[in-house]
Participant: 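Okay, here's the structure, questions in a sec.
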Amino acid sequence: PNTTMDCFSTFGEVYLFMSCTGRCVSSTCPLNEDRYLQFDSCPGQFSNRVYTLANNQYLTFVVKSQNLYQNNYFLCDNGKCLDYNKVCDLVDDCGDKSDEQMCSNHFQCKSTGNYIMVSQQCDGVIDCHDLSDECNNSCGKSIIKDFGLKILSWIIGTLAVFFNFMIVSKNLLTLKNCRSSVAFLNKVLIILISVGDFLVGLYLLLISYSDSFKFGSSYCTAQPDWLTSFECSSLGVISTIGSQISLFSMATLSFTRLYGIKNAMKIPGPVTKIVVLKTVVVSVITLILSLSIAVIPLVKMFEDFFCQRDAL
C-alpha cells in the first residue's frame with residue numbers, strides 16, 4: 001500500500017515489512033541497528049552459513065535455502081535467531097520476549113505475560129486471566145461511568161432522602177387529623193410514595209458511596225465479586241422495592257382520584273375502623289407485591305427465569 005495504515009491485524013514477516021517501510025501508523029521497526037546480523041551472530045545455528053560483506057560496512061552471513069541465499073533472521077537479545085515470520089506473532093519465540101518487545105500489534109497480559117491481539121484489548125471480552133486487557137488505563141470500569149452522572153447521583157440521592165423523610169414525618173404526624181376517608185387514604189398513599197422515593201434515594205447514595213469510596217479505580221477487577229455479592233443484591237432489592245412501592249401507590253392513588261371525580265357529588269364518609277382496615281390491607285398488599293418482585297429473582301429455584309442465556 002502507498003498510504004499508512006494500522007497494522008494491528010498483521011503479524012510475522014508481513015508486520016516487519018509494513019512497519020520497517022513506514023507503512024504502519026504509530027509503530028517502530030523491530031529491526032533496529034542492534035539487530036543487524038554479524039558474522040558471529042546466532043551461535044550454534046546455521047552451520048552452512050556463507051560469510052559476506054553487508055553494505056560495505058560489516059561482515060555478516062547468508063544461508064542457502066531453495067537455491068537462494070538469504071539472511072532474513074531476527075536476532076534475539078539472548079543471541080538466538082528466528083525466522084521473520086516468528087517475530088511479532090503474539091508468541092515469545094526468543095524466550096526473552098525480545099521478538100515481541102517493539103511490536104504495536106499486541107497487548108501483553110500483566111501477570112502472565114501472554115500476548116493477545118491489540119484489538120482484543122477493551123473489547124468487552126476477558127482474554128487475560130488477570131483481567132488486565134479489560135481493566136487498565138484505557139478502559140477501566142466504574143460502577144457509575146460518567147462523571148456528570150456521579151455528581152447527579154449524589155445530589156438526587158441526598159435530596160430524595162432528605163425531602164422524602166420530611167414528607168413522611170409530616171404526614172405521619174398529621175394523619176390522625178384526617179376527617180374523611182378519602183383524605184385518610186390519600187395521605188397514606190402519599191406516605192407510601194414518599195417511602196418508595198426515599199428508598200430509591202437511599203439506593204443512589206449507597207451506590208454512589210460504593211463507586212466513589214469503596215472501589216474507585218479498583219472496581220474493574222472487583223466487578224465479578226461485587227456483582228455476585230450479598231451487598232450488591234441488597235442494593236438491588238432496595239432499589240426495586242422503592243420503585244415498585246411508588247409505582248403501585250401512584251396507580252392506586254390515580255384510581256382513587258378517578259373514583260372521586262366520578263362520585264364528586266357524594267360526601268366522603270368519616271374515618272372509621274373499616275376505612276382504616278381497608279387502607280392497611282391496601283398498604284400491606286402494596287408492600288408484599290413490591291417485596292416479592294424484588295426478592296423472587298434472587299430465590300435459587302426461580303433465578304433461571306430471570307437470567308439471560310446466550311443462544312446455542
Side-chain angles (χ1 to χ4, degrees), residues 107-114 116 120-169 192-249 287 289-310:
F107 174 84
Q108 186 175 16
C109 300
K110 189 173 182 180
S111 63
T112 63
N114 293 336
I116 61 174
Q120 292 178 288
Q121 179 188 6
C122 303
D123 64 348
V125 179
I126 297 174
D127 299 289
C128 297
H129 294 306
D130 59 2
L131 312 180
S132 56
D133 59 314
E134 300 300 322
C135 302
N136 50 66
N137 294 332
S138 300
C139 56
K141 296 180 181 179
S142 58
I143 297 177
I144 305 174
K145 296 182 179 179
D146 186 75
F147 179 75
L149 290 179
K150 295 177 187 285
I151 301 300
L152 282 176
S153 182
W154 277 109
I155 294 174
I156 294 174
T158 302
L159 294 177
V161 167
F162 176 76
F163 285 111
N164 283 291
F165 177 79
M166 298 297 293
I167 292 171
V168 171
S169 301
L192 287 175
I193 293 172
S194 299
V195 168
D197 292 344
F198 174 87
L199 291 176
V200 173
L202 180 62
Y203 162 79
L204 288 176
L205 288 180
L206 291 174
I207 205 73
S208 298
Y209 170 81
S210 297
D211 175 69
S212 301
F213 299 106
K214 183 173 182 178
F215 294 109
S217 59
S218 66
Y219 171 71
C220 187
T221 54
Q223 184 183 19
D225 293 331
W226 162 253
L227 293 178
T228 55
S229 67
F230 175 79
E231 183 179 355
C232 181
S233 299
S234 299
L235 289 179
V237 168
I238 292 174
S239 172
T240 304
I241 289 177
S243 60
Q244 294 304 313
I245 287 176
S246 296
L247 176 64
F248 287 132
S249 300
L287 294 174
L289 286 175
S290 301
L291 183 63
S292 299
I293 292 174
V295 173
I296 286 178
L298 302 178
V299 178
K300 191 169 184 179
M301 64 182 297
F302 297 117
E303 63 182 6
D304 287 344
F305 295 100
F306 298 91
C307 293
Q308 181 178 353
R309 296 182 178 275
D310 295 332

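Quick note: numbers below take in every heavy atom, side chains included, and nothing from hydrogens, waters or symmetry partners. Please read these numbers as outputs of a predicted model, since none were measured by experiment.
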Participant: Could you tell me whether a side-chain N or O of D211 sits under 3.5 Å from a main-chain N or O of I207, the two making a donor and an acceptor?
Facilitator: no
Participant: Once salt bridge (charged side-chain N to carboxylate O under 4.0 Å, His left out) is applied, do any residues pair with K110, and if so which ones, sequence neighbours excluded?
Facilitator: none
Participant: Do V237 and S234 touch side chain to side chain, with heavy atoms closer than 4.5 Å?
Facilitator: no
Participant: Do the side chains of W226 and S210 get nearer than 4.5 Å, heavy atoms only?
Facilitator: yes
Participant: Before giving the answer on side chain to side chain contact (heavy atoms under 4.5 Å, CB included), spell out for S208 and I144 the whole-Å C-alpha distance, their side-chain angles and the decisive distance to 0.1 Å.
Facilitator: CA-CA 8 Å; S208 298; I144 305 174; 4.1 Å; yes
Participant: Of all the heavy-atom pairs spanning S292 and P297, show the shortest one and how long it is.
Facilitator: O-CD, 4.2 Å
Participant: Answer yes or no: does atom CZ of F165 have more than 12 heavy-atom neighbours from other residues, nucleotides or ligands under 6.0 Å?
Facilitator: no
Participant: Compare all side-chain heavy atoms of I116 with those of C128 and state whether any distance is below 4.5 angstrom.
Facilitator: yes
Participant: Would you check, one step at a time, whether the test side chain to side chain contact (heavy atoms under 4.5 Å, CB included) holds for F248 with S290?
Facilitator: CA-CA 8 Å; F248 287 132; S290 301; 3.6 Å; yes
Participant: I'd like to check the salt bridge (charged side-chain N to carboxylate O under 4.0 Å, His left out) partners of K145; sequence neighbours left out, ordered by chain and number.
Facilitator: none
Participant: Please list all pairs passing the ring pair (Phe, Tyr, Trp, His ring centres under 6.0 Å) test where one or both residues lie in residues 132-164, with sequence neighbours left out.
Facilitator: none
Participant: Under the disulfide bond (SG atoms under 2.5 Å apart) test, which residues partner C232, sequence neighbours left out?
Facilitator: none
Participant: How would you list, by chain and number, every residue that makes a ring pair (Phe, Tyr, Trp, His ring centres under 6.0 Å) with F213, sequence neighbours excluded?
Facilitator: Y209
Participant: Kindly say whether F107 contributes a backbone atom to a donor-acceptor pair with the side chain of Q121 at under 3.5 angstrom?
Facilitator: no
Participant: Name each donor-acceptor pair under 3.5 Å that joins a side chain in residues 193-206 to protein atoms two or more places apart or in another chain, with its distance.
Facilitator:
{"from": "S194", "atom 1": "OG", "to": "I190", "atom 2": "O", "distance (Å)": "3.0"}
{"from": "D197", "atom 1": "OD1", "to": "S246", "atom 2": "OG", "distance (Å)": "2.9"}

Participant: Shortest non-hydrogen contact from D133 to N136?
Facilitator: O-ND2, 3.2 Å
Participant: Any donor-acceptor pair under 3.5 Å linking the side chain of E134 with the backbone of D123?
Facilitator: yes
Participant: What I'd like to find out is whether the side chain of L298 reaches to under 4.5 Å of the side chain of I296, using heavy atoms alone.
Facilitator: no
